[in-house]
**Q** 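Supplied in C-alpha cells, the structure appears directly below.
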Protein chains: 2
Amino acid sequence: MGTTKSEVFSEEINELASLFKAMGHPARIAIIQFLRTQEKCICTDLVNELPLAQPTISQHLKELKTAGIIQGSVSGTSICYCLNLDKISQLDSFLASLKYDQNPTCC
Amino acid sequence: MGTTKSEVFSEEINELASLFKAMGHPARIAIIQFLRTQEKCICTDLVNELPLAQPTISQHLKELKTAGIIQGSVSGTSICYCLNLDKISQLDSFLASLKYDQNPTCC
DNA sequence: TTGTTACATTGCAATATTACGATATATTAA
DNA sequence: TTAATATATCGTAATATTGCAATGTAACAA
C-alpha cells in the first residue's frame, strides 16, 4: 500500500496522469509561465525569479524534464530549458476531447 | 519542510496547480474518461469498472470534487457525478496560451 | 592552477498521498 | 422496523513529495 497502482491502467492513461502530475505544483506552473516569456531560459534567472532555493528549483526542473514537458540543452556554463510543445498539445487534446464528447443527457 | 510553499505564488498559479494535481493520477484520469461516456454517472459503475476498492474510488472522487473538476448530486440511493466543463476549459486555456505565446527565439 | 559561476546531486526531516479494511450513514424496499 | 444497497468516513501502513543545507561537478576566466 502507499503506491499508485499504475499497472492496472492503460499506458495512455498513465502517460496523461504523469504529465498532469508534473504540472500539479505551483512552482512548476510558475517555471512554465516564466519559460514561456523568456528569450533565454536559464536556471539562474529562475533562482532570482522564484522565492525558492536553487536545489529546489533544480529538482522541479528535473521533474518537468523527466515528464518531457521541458527540454534542456547545455549552453556553455548555463543550461537552456524550454517547453516541449508536443506534450502540451497532448494534454490540450485530451482536455478538448472531454469538452466535445460530453454526453448531453448526463446530469 | 515537506509542505508546498503555496503562499509565495499567486492565486491563479495555485488554482491551476491544484487542478492539474487533481488530474495527476491514473485512477482519476480513468474516472474522468469514464464519466465522459456515461449517461448515468454513478459510483457503483466505477467500482465495477476500475480495479480499485470502493473506498479508494470514493476518495479519488472526493479529490476531483474538491478541486471542482466534477460535481455530484444525490439521486436517490446513488450519486450522479459529472464533469465541470468550466474547470476543464480553464486548464485548456492555460495550455493553449503556452502554445501561442512561445517566444520564437527561445532555444 | 585557482577561482568563480552555474547548475546537479545527496541526504534528510517534515508532510502528503495512496490504498484498503472496517465501519458509519442514508435511502429505498419489503 | 428490518434488510439491502450505495456511498462516505475513519484509521493506518506503505510510500512519495517537498524543501533545503551541504556538497559535487563541469565550464570558463584569470
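Each chain gets a letter, A, B and so on, in the order its sequence line appears, and its residues count up from 1. A quick note: this is a predicted structure, and the numbers were derived from the prediction, not measured.
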**Q** If you assign each of A/Ser6 and B/Thr3 to its closest nucleotide in DNA chain C, which residue comes earlier from the 5' end?
**A** B/Thr3
**Q** Side chain of A/Lys5, heavy atoms from C-beta onward: which of C/dA16, C/dC20, D/dA6 has the nearest atom to it?
**A** C/dC20
**Q** Hey, could you give me the CD1/OG1 distance between B/Ile32 and B/Thr37, rounded to the nearest 0.5 Å?
**A** 12.5 Å
**Q** Rounded to the nearest angstrom, tell me the gap between atom CD1 in A/Ile31 and atom P in C/dC7.
**A** 12 Å
**Q** Tell me which residues in residues 8-18 of chain B lie within less than 4.0 Å of DNA chain D, going by non-hydrogen atoms.
**A** none
**Q** Enumerate the salt bridge (Lys or Arg N to Asp or Glu O under 4.0 Å) contacts for residues 82-93 of chain B, please, sequence neighbours excluded, ordered by first and then second residue.
**A** A/Lys99-B/Asp92, B/Glu15-B/Lys87
**Q** Atom CD of A/Gln59 to atom C1' of D/dC20: distance rounded to whole Å?
**A** 9 Å
**Q** If you only use heavy atoms from C-beta on, which nucleotide in D/dA6, C/dT15, C/dA19 is closest to the side chain of B/His60?
**A** C/dA19
**Q** Tell me which nucleotide among D/dC20, C/dC7, C/dA22 gets nearest to the side chain of A/Leu52.
**A** D/dC20
**Q** Could you state the interatomic distance from CG (B/Leu16) to CD (A/Gln33), rounded to the nearest 0.5 Å?
**A** 7.0 Å
**Q** Write down the atom of A/Ser18, the atom of A/Ala67, and the distance for their closest heavy-atom approach.
**A** O-CB, 4.3 Å
**Q** Return the value, rounded to whole Å, for the distance between atom CZ of B/Arg28 and atom C1' of C/dA19.
**A** 12 Å
**Q** According to side chain to side chain contact (heavy atoms under 4.5 Å, CB included), who are the partners of B/Ile79, at least two apart in sequence or on a separate chain?
**A** B/Val74, B/Tyr81
**Q** Among C/dC20, D/dC20, C/dA6, find the nucleotide with the atom closest to the side chain of A/Ala53.
**A** D/dC20
**Q** When you measure from the side chain of A/Cys43, which nucleotide among D/dA8, C/dC7, D/dT9 comes out closest?
**A** C/dC7
**Q** Among C/dT18, D/dT9, C/dA8, which nucleotide sits nearest the side chain of A/Ser58?
**A** C/dA8
**Q** Measuring from the side chain of B/Thr4 (C-beta onward, heavy atoms only), which nucleotide among D/dG19, D/dC20, C/dC20 has the closest atom?
**A** D/dG19
**Q** Which nucleotide sits closest to the side chain of A/Thr56: D/dA8, D/dG19, D/dT18?
**A** D/dG19
**Q** Can you check the B/Leu61 CG to C/dA19 C1' distance for me, whole Å?
**A** 15 Å
**Q** Figure out the CD1/P separation between B/Ile79 and D/dT5, and round it to whole Å.
**A** 18 Å
**Q** For the pair made of NZ in A/Lys62 and C1' in C/dA6, what is the distance, rounded to whole Å?
**A** 17 Å
**Q** Given A/Ile29 and B/Phe94, is the side chain to side chain contact (heavy atoms under 4.5 Å, CB included) satisfied, shown in steps?
**A** CA-CA 10 Å; A/Ile29 295 289; B/Phe94 174 72; 4.0 Å; yes
**Q** Please lay out, stage by stage, how A/Asn84 and A/Ile69 fare under the test side chain to side chain contact (heavy atoms under 4.5 Å, CB included).
**A** CA-CA 5 Å; A/Asn84 180 356; A/Ile69 291 171; 5.9 Å; no
**Q** Which pairs would a plain distance check flag for residues 1-12 of chain B, meaning a side-chain donor or acceptor within less than 3.5 Å of a matching protein atom at least two apart in sequence or in another chain?
**A**
residue, atom, partner, partner atom, Å
B/Thr4, OG1, A/His25, NE2, 3.4
B/Ser10, OG, B/Ile13, N, 3.2

**Q** What's the closest nucleotide to the side chain of B/Pro55 if the choices are C/dT9, C/dA22, D/dG19?
**A** C/dA22
**Q** Which residue pairs pass the salt bridge (Lys or Arg N to Asp or Glu O under 4.0 Å) test with at least one member in residues 46-57 of chain A, sequence neighbours excluded?
**A** none
**Q** To the nearest 0.5 Å, tell me how far A/Leu35 CG sits from A/Leu46 CG.
**A** 6.0 Å
**Q** If you find the nucleotide of DNA chain D closest to A/Glu63 and the one closest to A/Gly2, which residue's nucleotide is nearer the 5' end?
**A** A/Gly2
**Q** Mind jotting down which residue pairs meet the salt bridge (Lys or Arg N to Asp or Glu O under 4.0 Å) criterion with at least one end in residues 64-81 of chain A? Sequence neighbours excluded, please.
**A** none
**Q** Heavy atoms within less than 4.0 Å of DNA chain C: which residues of residues 19-27 of chain A have one? Give them sorted by number.
**A** none
**Q** Rounded to the nearest Å, what distance is computed from the CD atom of residue A/Glu7 to the C1' atom of nucleotide C/dT18?
**A** 12 Å
**Q** Does a nitrogen or oxygen in the side chain of A/Tyr81 sit under 4.0 Å from OP1 or OP2 of C/dA8?
**A** yes
**Q** Start with the C-alpha gap between B/Met23 and A/Leu95, add the side-chain angles, then the distance that decides, and say whether side chain to side chain contact (heavy atoms under 4.5 Å, CB included) holds.
**A** CA-CA 11 Å; B/Met23 300 192 72; A/Leu95 293 176; 4.0 Å; yes
**Q** Can you give one letter per nucleotide of nucleotides 23-30 of chain C, 5' to 3': B if a protein heavy atom sits under 4.0 Å from the base, S if only from the sugar-phosphate, - if neither?
**A** ----BS--
**Q** Name the atoms and distances for all side-chain donor-acceptor pairs under 3.5 Å in residues 56-64 of chain B, with sequence neighbours left out.
**A**
residue, atom, partner, partner atom, Å
B/His60, ND1, B/Arg28, NH1, 2.9
B/Glu63, OE1, B/Arg28, NH1, 3.1

**Q** Quick one: B/Asp45 CG to D/dA6 P, roughly how many Å, whole number?
**A** 10 Å
